[in-house]
Amino acid sequence: MTFTPQHLTALRLISDTFAPGDGAGIPAASAVGAPEFALELAGTNPREAEVKQLKTLLRLWDTRFLGLLLTGRPRKFSSLDQTGRERVLLSLSDSRIAAKRALFAALKGAALAPYYITAGKPLWDSMGYAGPPGPLEVAPEPKLAPLRILADETVTCDVVVVGSGAGGGTAAGVLSEAGLDVIILEAGEYHDDRDFDGSERTGFSQLYAGSPAVTSEGQVQLVAGRGLGGGTIVNYTTSFPTPDHVRAEWAALGTPQFTTSEYDDALSAVNARLGVNKDHDGAGVRDQVLERGAKALGWNVDAMPRNVIGCDAGIECGRCGMGCRIGAKQSTLKTWITDASERGARIYIGANARRVTVEGGKATGVVATSPDGRTLTVKAKAVVVAAGAIQTPALLKRSGLTNPNVGKHLRLHPATALWGRVPDLVNPWEGALQARYINEWTDLDGDGYGVLFETAPLTPAFGSGFVNWRSGAQHLARMQELKHMLGVAIIVRDKGPGGSVKIGKDGEPIASYTLSPGDTELLMKGFDGAARIAEAAGATKIYTTHHRTIGYEPGRRGNLESFMADVRNEGAAPARLALAALHIMGSARMGGSPEISALNPDGETWDVKGLVVADGSCFPTASGVNPMISIESIAYMNAKRLAAKVT
Ligand SMILES: Cc1cc2nc3c(=O)[nH]c(=O)nc-3n(C[C@H](O)[C@H](O)[C@H](O)COP(=O)(O)OP(=O)(O)OC[C@H]3O[C@@H](n4cnc5c(N)ncnc54)[C@H](O)[C@@H]3O)c2cc1C
């Protein structure tokens with residue numbers, strides 16, 4: 001869907017208000033092509049209705065009518081000066097109406113992320129960010145030779161696996177090891193060491209899912225990988241086993257194997273194949289400061305187990321959210337998918353699974369399409385769906401499954417940051433992706449629900465989403481301060497009841513999710529704990545990711561108590577603060593009966609035989625820790641059980 005010059009003009013006005021530059025060398029957004037890049041990204045949204053909505057907004061943006069609607073005053077946006085335009089945006093940001101706040105958050109993201117990607121040197125220099133390293137010339141040739149759908153065709157195999165991320169990649173490896181003829185269908189592309197240049201431009205346009213970008217209420221941004229290897233290409237390599245209390249909770253929901261040696265064996269096999277180790281846990285400044293805070297409080301802080309081999313845990317690693325240039329990250333691409341390929345598995349990229357075919361209550365294959373509209377029909381004895389916890393329930397629903405638990409119980413681990421200004425040169429885009437964690441407050445309710453504290457590699461565009469915006473100048477100043485900021489990641493283990501995934505008329509997923517009062521309370525406590533950590537680490541200024549500025553300066557202005565009163569007062573209603581989910585789970589969960597779950601204890605849907613799910617959707621509840629190892633272990637287990645049945 002193409003955008004018109006009128007759309008572009010409107011987005012330029014908006015983007016330049018968010019990012020006007022400094023008038024002294026740092027350019028405005030429109031001077032660096034940020035609005036064009038934003039529209040390029042928006043044009044890839046498969047939901048035509050959303051693209052149409054954006055077009056309507058941009059068409060009307062600079063009219064008196066919209067001025068009246070948004071601000072109560074019939075003035076054209078272009079007739080206002082910078083301060084007047086900022087006031088309009090702030091009126092959205094601070095509105096009592098959630099939809100207006102959500103609009104502000106969407107506009108902020110559309111303006112600022114592309115700006116920090118496209119602005120380049122003058123801006124990056126002012127932040128102390130050296131820019132992306134570019135492709136590594138000595139990177140090895142890609143090992144795999146995946147197929148594409150070049151014509152309408154029909155192929156057959158034993159098992160077809162949809163999706164190739166943490167779950168799908170593992171399942172394909174296990175099924176092929178069992179001697180089965182496997183086909184993998186991956187909607188994204190194949191990118192390997194050689195293609196990674198450490199840039200957010202390449203990363204966000206090629207390696208991340210993009211859509212749906214946010215839950216329908218505008219409360220939580222959804223961040224997931226896309227392409228061969230899925231989320232394991234971009235993820236932060238934190239490799240926690242499933243905690244025992246979570247395993248017990250899952251077993252109690254009717255999947256007893258989670259507390260038996262079967263799941264122990266799955267965890268061991270996954271850890272071994274990914275080479276999980278603690279030999280690459282050298283902390284960058286970010287994690288050193290986090291550790292300093294925890295130790296000063298007397299809190300438990302530990303080194304991360306990581307699935308890397310030969311990682312520099314330094315400058316290289318900090319850009320690894322855009323793919324690992326040196327091939328250290330043991331993604332499913334490097335491990336299970338390579339294994340499967342060596343055993344003869346056929347891998348299709350650019351293959352978007354639209355529906356599972358079913359005959360007589362049994363799965364018989366998958367129909368997938370290419371971006372140019374060609375159709376691949378795969379006939380198989382069994383189907384494994386592992387398209388991630390947003391796309392998997394959508395595919396199951398498109399395929400006619402009616403169990404109400406398909407798409408229910410969505411869990412997200414809502415996460416945000418607390419910023420602490422420290423004297424150290426943090427450069428949050430450097431250092432091992434994640435090298436330390438604090439689990440002091442992971443059980444705040446006695447049931448194993450609480451918050452986990454970590455850090456995260458924050459490259460400029462990604463980081464800009466967590467820095468609040470009150471004016472163009474204020475935001476720029478905060479971004480220039482980022483090099484001295486400790487970002488304490490607050491990760492909530494959400495108890496639910498959770499959200500849902502439905503499909504629109506176009507068959508595309510719509511994720512709905514609002515934090516329950518209990519989970520909101522955990523988030524509030526998370527701010528409290530994170531502020532304690534930052535203060536103990538020596539932070540002189542502390543603030544949250546709320547759109548309004550909420551913070552204090554220890555020993556100078558306010559204190560933890562007044563800060564927490566402000567945080568609680570502002571709350572966590574949709575689009576009041578930046579919340580993101582990198583851990584998406586539970587939307588087709590395993591369990592003991594069709595009344596409470598979408599899948600039986602084998603991971604097979606209650607609705608259709610021979611249709612097995614093997615990804616984050618399977619989690620009976622949230623894992624409470626970064627989920628990759630749990631996902632791969634479940635996929636391993638479900639694939640083993642399936643392999644024993646397929647002959
Ligand atoms: C930036 C980031 C950092 C993270 N860091 C960590 C970490 O350090 N440790 C950790 O444990 N977890 C981490 N996670 C989370 C972890 O990576 C994910 O939970 C995990 O990858 C999800 O696995 P999955 O199999 O459910 O889905 P995914 O890995 O998302 O794979 C799904 C795949 O299916 C494909 N697909 C979707 N729809 C279709 C379709 N219709 N047809 C064909 N293919 C389709 C997608 O393109 C994708 O490749 C991180 C996630 C992100 C985004």
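Atoms within each ligand, like the ligands themselves, are counted from 1 in listed order. For clarity, every value in this text was computed on a predicted model and none was experimentally measured. Note that the numbering runs from 1 along the sequence shown for the chain. Side-chain atoms are counted along with the backbone in the values below, which use heavy atoms only and exclude waters and symmetry mates.
Between Tyr437 and Phe240, the ring centre distance stays below 6.0 Å.
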- Yes or no on salt bridge (charged side-chain N to carboxylate O under 4.0 Å, His left out) for Asp197 and Arg319, after CA distance, side-chain angles and deciding distance? CA-CA 9 Å; Asp197 60 10; Arg319 313 292 163 78; over 6 Å; no
- Query: Would Arg493 and Glu249 satisfy salt bridge (charged side-chain N to carboxylate O under 4.0 Å, His left out), going step by step from the backbone distance to the final call?
  - Reply: CA-CA 13 Å; Arg493 181 183 183 211; Glu249 191 177 281; 2.8 Å; yes
- Going through the distances and angles, do Leu267 and Tyr636 end up as a side chain to side chain contact (heavy atoms under 4.5 Å, CB included)? CA-CA 9 Å; Leu267 282 166; Tyr636 181 94; over 6 Å; no
- Message: Pair Arg148, Ile349 - check side chain to side chain contact (heavy atoms under 4.5 Å, CB included), show working.
- Response: CA-CA 6 Å; Arg148 285 183 186 280; Ile349 54 171; 3.5 Å; yes
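The ligand atoms of ligand 1 that sit less than 4.0 angstrom from a heavy atom of Tyr208 are 1 (C). Under a 4.0 Å criterion applied to the non-hydrogen atoms of Pro627, ligand 1 contributes the atoms 10 (C), 11 (O), 12 (N), 19 (O). Close contacts between ligand 1 and Val162 involve ligand atoms 42 (N), 43 (C) [criterion: under 4.0 Å to a heavy atom]. Ligand 1 places these atoms under 4.0 Å from at least one heavy atom of Leu185: 43 (C), 44 (N). Residue Tyr236 has at least one heavy-atom neighbour below 4.0 Å for each of these atoms of ligand 1: 1 (C), 3 (C), 4 (C), 5 (N), 6 (C), 7 (C), 8 (O).
The closest protein non-hydrogen atom to atom 24 (P) of ligand 1 is Asp615 CB, 3.9 Å. With respect to atom 37 (C) of ligand 1, the closest heavy atom belonging to the protein is Ala387 O, 3.3 Å. Closest protein heavy atom to atom 42 (N) of ligand 1: Ala353 N, 2.9 Å. In terms of protein heavy atoms, atom 25 (O) of ligand 1 is closest to Gly167 N, 2.8 Å. Looking from atom 53 (C) of ligand 1 to the surrounding protein, the closest heavy atom is Val223 O, 3.4 Å. Looking from atom 9 (N) of ligand 1 to the surrounding protein, the closest heavy atom is Thr238 O, 2.8 Å. For atom 31 (O) of ligand 1, the closest heavy atom belonging to the protein is Gly165 CA, 3.3 Å. Shortest contact from atom 27 (O) of ligand 1 to any protein heavy atom: Gly388 CA, 3.5 Å.
Any N or O atom pair closer than 3.5 Å counts here, and Gly616 shares at least one such pair with ligand 1. Residue contacts with ligand 1: Gln391 is placed with no nitrogen or oxygen under 3.5 Å of a nitrogen or oxygen of the ligand (distance criterion only). Remark: ligand 1 and Ala389 share no N or O pair separated by less than 3.5 Å (distance only, no angle test). The shortest N or O to N or O distance between Ile629 and ligand 1 is not under 3.5 Å. Annotation: Ser617 places no N or O atom under 3.5 Å from an N or O atom of ligand 1; distance criterion only. An N or O contact shorter than 3.5 Å links Gly227 to ligand 1 by distance. For Glu186, a nitrogen or oxygen atom sits less than 3.5 Å from a nitrogen or oxygen atom of ligand 1, counting backbone and side chain alike. Residue Ser239 places no N or O, backbone or side chain, under 3.5 Å from any N or O of ligand 1. On a distance-only criterion, Ala187 and ligand 1 share at least one N/O pair closer than 3.5 Å. Below 3.5 Å of separation, one finds an N or O of Met628 facing an N or O of ligand 1.
The number of heavy-atom neighbours closer than 6.0 Å to CD1 of Ile315, taken from other residues, nucleotides and ligands shown, is 12 or below. In the displayed structure, Lys278 atom NZ is contacted under 6.0 Å by more than 12 heavy atoms of other residues, nucleotides or ligands. Enclosure of atom CZ in Arg355 is not indicated, since only 12 or fewer non-hydrogen atoms of other residues, nucleotides or ligands lie within 6.0 angstrom.
In terms of heavy atoms, Val367 sits closest to Thr357 at CG2-CG2, 3.8 Å. Taking both residues in full, the closest heavy atoms of Tyr513 and Gln219 are given as O-OE1, 3.7 Å, listed atom of the first, atom of the second, then distance. Across all non-hydrogen atoms, the minimal contact from Asp193 to Gly327 is OD2-CA, 3.4 Å.
Contacts between Ala166 and ligand 1 below 4.0 angstrom, taking non-hydrogen atoms only, involve backbone and side chain alike. With a 4.0 Å cut-off on non-hydrogen atoms, Thr237 touches ligand 1 through its backbone and not its side chain. Contacts between Met585 and ligand 1 below 4.0 angstrom, taking non-hydrogen atoms only, are absent altogether. Here Gln434 has side-chain heavy atoms under 4.0 Å from ligand 1, and that is the only part of it that gets that close. Counting heavy atoms closer than 4.0 Å to ligand 1, residue Ala351 contributes backbone atoms (N, CA, C, O) but none from C-beta onward.
The residue from Asn235, Val161, Val385, Leu207 that puts a heavy atom closest to atom 13 (C) of ligand 1 is Asn235. Distances from atom 51 (C) of ligand 1 to the heavy atoms of Leu582, Asn352, Ile631 put Leu582 nearest. Of all the listed residues (Pro457, Ala580, Gly231, Gly229), Gly231 holds the heavy atom that lies closest to atom 30 (O) of ligand 1.
Put simply, the side chain of Asn235 gets close to the backbone of Thr237: a donor and an acceptor are under 3.5 Å apart. The backbone N or O of Cys320 lies less than 3.5 Å from a partner atom in the side chain of Lys329, making a donor-acceptor pair.
Within the structure, ligand 1 lacks Phe240 among the residues with a heavy atom less than 4.0 angstrom away.
The one candidate from Arg354, Lys397, Arg47 that meets the salt bridge (charged side-chain N to carboxylate O under 4.0 Å, His left out) condition with Glu508 is Arg354.
Here the side chains of Val159 and Lys381 are not in contact, with every heavy-atom distance at 4.5 Å or above.
One finds the CG atom of Asn439 at 10.0 Å from the CD atom of Glu454 (value rounded to the nearest 0.5 Å).
In this pair, Trp250 and Tyr263 present their aromatic rings perpendicular. The plane angle is above 60°, beyond the 30 to 60° band.
For Tyr208, the ring-ring contact (aromatic ring centres under 6.0 Å, His included) partners are Phe204, not counting sequence neighbours.
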